[in-house]
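A short worksheet on the structure shown next.
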Amino acid sequence: MTGRSEAYGSAAIAMHWATALLIVGDFAFGLYFIDLPLSPQKLRYFAWHKWAGALVLLTGAGLLAARWLRAPPSLPASMPHWEKRLSRLTQVILYLLLVLAPLSGWLYSSAAGFQTVLFGVLPIPDVVGRDRGLAEALRTLHRGINYTLAAVVAIHALAALKHRFVDRDEVLAYMLPFLRKP
Amino acid sequence: MTCARAACLIAAAAVAPALAQAPQKVDASKSYIRFVSKQMNVPVEGRFRRFEGTVAFDPAKPEATRAELEIDLASIDLGNEEGETEARRPLWFDVARFPRARFVTSSVRAVGAGKYEASGALTIKGITRDVAAPLTLTESAGLRIVEGQLPIKRLQFKVGEGHWSDIETVADEVVVRFRFTIPATR
């Protein structure tokens with residue numbers, strides 16, 4: 001355990017919770033507004049949804065960078081080997097989906113004929129042209145990726161709670177240092 | 001006999017336009033009507049799939065040009081079903097009551113080599129406005145190609161009423177870009 005600390009660094013913790021808020025919030029927001037009838041408000045919601053998605057890429061990258069700059073704490077020795085592997089696998093899948101979710105949304109938006117302009121000022125180029133068939137496929141893909149992400153986030157959160165209330169170890173405190181036992 | 005004179009007048013009236021220039025049908029497959037509007041500062045493009053028109057044009061007498069155009073508004077293509085359905089509804093084009101937009105020239109004048117200024121009456125949603133657009137004319141392979149663009153204000157035609165009249169989300173200005181191909185005649 002040399003060089004490893006008992007918690008994540010504050011940068012990683014900040015990026016983790018920012019990412020968590022963004023994806024939970026933007027996922028719920030997307031579910032809410034997507035079936036609203038088309039209105040100027042819905043156009044604004046679309047823009048906000050895309051901006052939040054772009055921010056996920058930034059905070060996700062920030063989280064990866066923070067982990068790389070300071071190694072995450074090692075998992076408790078009491079954890080079975082398969083649990084450690086499952087934990088690592090879940091995290092890799094999470095990172096992958098964190099990238100794929102906004103990416104598929106951006107491509108879907110381009111294919112549907114709407115360029116993404118971050119905060120209304122920074123145009124993100126369209127890499128795919130307007131294409132009805134492609135838009136339909138990307139819409140299905142974007143939805144599928146996000147439902148999968150929601151499921152993996154739920155597993156990730158349930159596992160953290162299991163560490164706290166079943167295993168009674170310090171794993172959740174890695175991300176919430178105020179929970180640490182004195 | 002007065003009857004004979006009337007027949008003569010009718011014959012003359014029928015022949016005169018034919019001598020000036022017979023109207024040519026616009027070849028829709030080599031033509032387009034596109035438009036660009038801005039949604040929250042983001043340009044969004046669309047087009048109309050179906051339209052028809054006739055043009056009577058004589059290069060020697062551009063001022064005698066007569067052109068008529070009718071656009072099937074339900075044929076709007078925005079790249080997504082949701083937007084198109086909304087565009088056909090009463091707040092936008094109200095295609096159930098006003099299925100077609102119409103443009104009729106009132107005057108065309110030459111302003112340079114291959115350049116013209118056309119003005120006429122544009123009717124959308126039952127509202128008629130005078131509009132003017134610069135045109136360029138090119139000829140190749142027996143075809144005349146007229147291109148130009150026309151900026152219009154959608155709210156002048158009540159296109160986007162009620163909550164859609166908010167120009168912060170969908171701008172008032174819409175730039176219509178068009179190309180019409182007609183057979184060249186001499």
Side-chain angles (χ1 to χ4, degrees), chain A residues 26 29-55 102 104-143 146, chain B residues 32-50 73-96 125 153-177 179:
Chain A
D26 213 23
F29 183 52
L31 279 184
Y32 158 70
F33 84 80
I34 199 63
D35 289 324
L36 292 181
L38 197 56
S39 68
Q41 195 57 43
K42 189 175 182 181
L43 292 182
R44 275 191 285 272
Y45 288 166
F46 260 117
W48 297 346
H49 178 70
K50 294 195 274 181
W51 300 348
L55 284 180
S104 59
W106 165 52
L107 295 177
Y108 162 50
S109 187
S110 294
F114 299 99
Q115 195 190 11
T116 300
V117 178
L118 267 195
F119 311 113
V121 289
L122 183 68
I124 311 294
D126 291 319
V127 290
V128 297
R130 214 169 82 170
D131 181 325
R132 224 171 266 262
L134 184 64
E136 272 307 302
L138 285 168
R139 183 188 160 100
T140 307
L141 183 69
H142 183 62
R143 194 182 316 185
N146 280 285
Chain B
Y32 61 72
I33 300 175
R34 297 177 185 154
F35 56 87
V36 182
S37 68
K38 283 200 165 180
Q39 280 181 17
M40 300 176 62
N41 250 346
V42 182
V44 174
E45 286 180 45
R47 69 179 173 126
F48 290 99
R49 285 202 188 84
R50 288 189 300 275
L73 296 172
S75 75
I76 190 168
D77 175 7
L78 291 167
N80 65 89
E81 198 63 38
E82 194 180 13
E84 289 154 8
T85 305
E86 183 64 25
R88 294 181 192 116
R89 286 191 178 135
L91 291 181
W92 288 92
F93 287 118
D94 197 1
V95 297
K125 220 177 173 179
K153 303 262 190 203
R154 66 178 178 93
L155 293 180
Q156 288 190 342
F157 298 93
K158 292 194 175 166
V159 174
E161 293 179 74
H163 56 201
W164 286 114
S165 59
D166 164 34
I167 54 171
E168 295 291 312
T169 38
V170 182
D172 192 10
E173 187 174 272
V174 180
V175 178
V176 182
R177 294 199 178 94
R179 167 191 280 182

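Every chain is numbered from 1 and lettered A, B, ... according to where its sequence line falls, protein lines coming before strand lines. Reckoned from all heavy atoms, side chains included, excluding hydrogens, waters and symmetry mates.
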Over all heavy atoms of both residues, which pair between B:T169 and A:P40 is shortest? Give the atoms and the distance, please. OG1-CB, 3.3 Å
Looking at every heavy atom in both A:L36 and B:E82, which two are closest together, and how far apart are they? O-OE2, 4.0 Å
Quick check for you: to the nearest 0.5 Å, what is the distance between [X] atom [atom1] and [Y] atom [atom2]?
| X | Y | atom1 | atom2 | result |
| --- | --- | --- | --- | --- |
| A:F114 | B:L78 | CZ | CG | 7.0 Å |
| B:E81 | A:L38 | CD | CG | 12.0 Å |
| A:W48 | B:M40 | CH2 | CE | 7.5 Å |
| B:Q39 | A:Q115 | CD | CD | 12.5 Å |

Is chain A contacted by the side chain of B:N80, its backbone, both, or neither, given a heavy-atom distance below 4.5 Å? both
Contact between B:V170 and A:L43 at the side-chain level, heavy atoms closer than 4.5 Å - yes or no? yes
For B:R88, look at atom CZ and say whether over 12 heavy atoms of other residues, nucleotides or ligands are found less than 6.0 Å away. yes
B:K158 atom NZ, neighbour heavy-atom count above 12 within 6.0 Å: no
Counting only non-hydrogen atoms closer than 4.5 Å, does A:A47 touch chain B with its backbone (N, CA, C, O), its side chain (CB onward), both, or neither? side chain
Against chain B, residues from residues 123-132 of chain A with at least one heavy atom under 4.5 Å, in numeric order, are A:R130, A:R132
Mind checking side-chain hydrogen bond (donor to acceptor under 3.5 Å, both in side chains) for A:H142 and listing every partner two or more places apart, or none if nothing turns up? A:S104, A:N146
With chain A, the option among B:L91, B:N41, B:D77 that has the most non-hydrogen atom pairs under 4.5 Å is B:D77
